[in-house]
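Predicted model, so just to flag it, every value in this text is computed and none were measured.
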Amino acid sequence: MTRVDDSVDDELLTIGAFAARARLSAKALRLYDRLGLLAPAHVDEVSGYRYYRVGQIERARLVALLRQLDMPLARIAEVVETADGCEAADRLAAYWADVEARLASQRTLAEYLRGRLSGRSSEMYGKFVVETVDVPERVVITEKRHTLADELPAWIGASLGRLEEASRECGGGTAAPYVVYHAEVSMESDGPAESCVPVADEAAARAWAAQRGRAWETAVRVEPAQRLAYTRITKAQVAHPQILAAFEAVEEWMAARGLRQTGPCREVYFADWETAGAQDPVCDVAFPVE
């Protein structure tokens, strides 16, 4: 213990002594300071020596433990800066729920890739029933965005919500909303993706788009009549990577029948997402074909 001056708490430890008490290295403490997670209680202006209060030991250990969970620095700061213990625990629980969701998705992806690498892809594809349907020409209001896979679900929900609300100004919706993928959306490729809602009144739709300007990259177009090859999937199957198997199953079915893809693939959402159960059909994975 070192006394610096009368104005500073007399229970101060050198960085070496504090590191030993906190069961951390001096290097780790310097890193925590640089990251803004644990600043020394006092730094000598002449020598540059760092001193810590005994009361900072618990925070130092907590930061070290949270870093072992691979928690981002910003979220560590939120936890350690939260005075209320229950609220801090809730923040940790929320972070860990996100981790477990990500691990579950990665586990499913690993199983999917094992199937592909081992040549068992056809077994996965056989679980999907593929059919065709003819859809008429229709007017659609759209919102387009470049987005990576981790942001895609939130954007789909928000953009379709905006478009379905806007459809009331455009004569009302005439068919299920859908999302068109003009290019691959993954963690490396950002599409773009385009949310679409068919509407009844083209003139009203064009007036709406003109008012919206470019704020949400909105547009109106007339989509020609076309035939879709599709398979219907459940809410659970919409999750990545299960949905990849659905897309590939339709592609394999098309290839086996000599059908040519004539436009970008899409997901057609025909059910209420919020009320649907995990095993309820909610979406058609589709390709325009001829």
Within the 4.5 Å heavy-atom criterion, are [X] and [Y] side-chain neighbours or not?
X: C265; Y: F287; value: yes
X: I233; Y: F247; value: no
X: E194; Y: V140; value: no
X: E137; Y: V222; value: yes
X: M71; Y: V79; value: yes
X: W208; Y: R168; value: no

Between R59 and Y32, is NZ or CZ placed under 6.0 angstrom from the six-membered ring centre and within 45° of the ring axis?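 No, R59 does not lie over the aromatic ring of Y32.
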
Test of understanding: with side-chain contact (heavy atoms from CB on, under 4.5 Å), list the residues that count as partners of L148, not counting sequence neighbours. D150, D190

Residues in side-chain contact (heavy atoms from CB on, under 4.5 Å) with W273, at least two apart? K235, V238, Y269, V282

Cluster check [X], [Y]: I/L/V/M/F/W/Y, side chain < 4.5 angstrom:
X: V180; Y: V199; value: no
X: Y178; Y: I156; value: no
X: L228; Y: V285; value: no
X: V63; Y: L65; value: no

Answer yes or no: is there a donor N or O on one side and an acceptor on the other, between the side chain of S189 and the main chain of E184, under 3.5 Å? yes

Main-chain N/O of W253 paired with R257 side-chain donor or acceptor, under 3.5 Å: yes

Does any pair with a residue in residues 269-278 pass salt bridge (Lys or Arg N to Asp or Glu O under 4.0 Å), and if so which ones, sequence neighbours excluded?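 Sorted pair list comes back empty.
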
So does R227 have more than 12 non-hydrogen atoms from other groups sitting under 6.0 Å from CZ?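 No, because the 6.0 Å sphere around CZ of R227 holds 12 heavy atoms or fewer from other groups.
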
Atom CD1 in I15, atom CZ in R30: separation rounded to 0.5 Å? 4.5 Å

Please determine whether side-chain hydrogen bond (donor to acceptor under 3.5 Å, both in side chains) holds for the pair R91 and T82, giving the CA-CA distance in whole Å, both sets of side-chain angles, and the decisive distance to 0.1 Å. CA-CA 9 Å; R91 289 181 182 271; T82 301; 3.2 Å; yes

Using ring-ring contact (aromatic ring centres under 6.0 Å, His included) as the criterion, point out the one residue from Y51, Y49, Y52 that pairs with F18.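 Result: among Y51, Y49, Y52, Y52 is the only option passing the ring-ring contact (aromatic ring centres under 6.0 Å, His included) with F18.
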
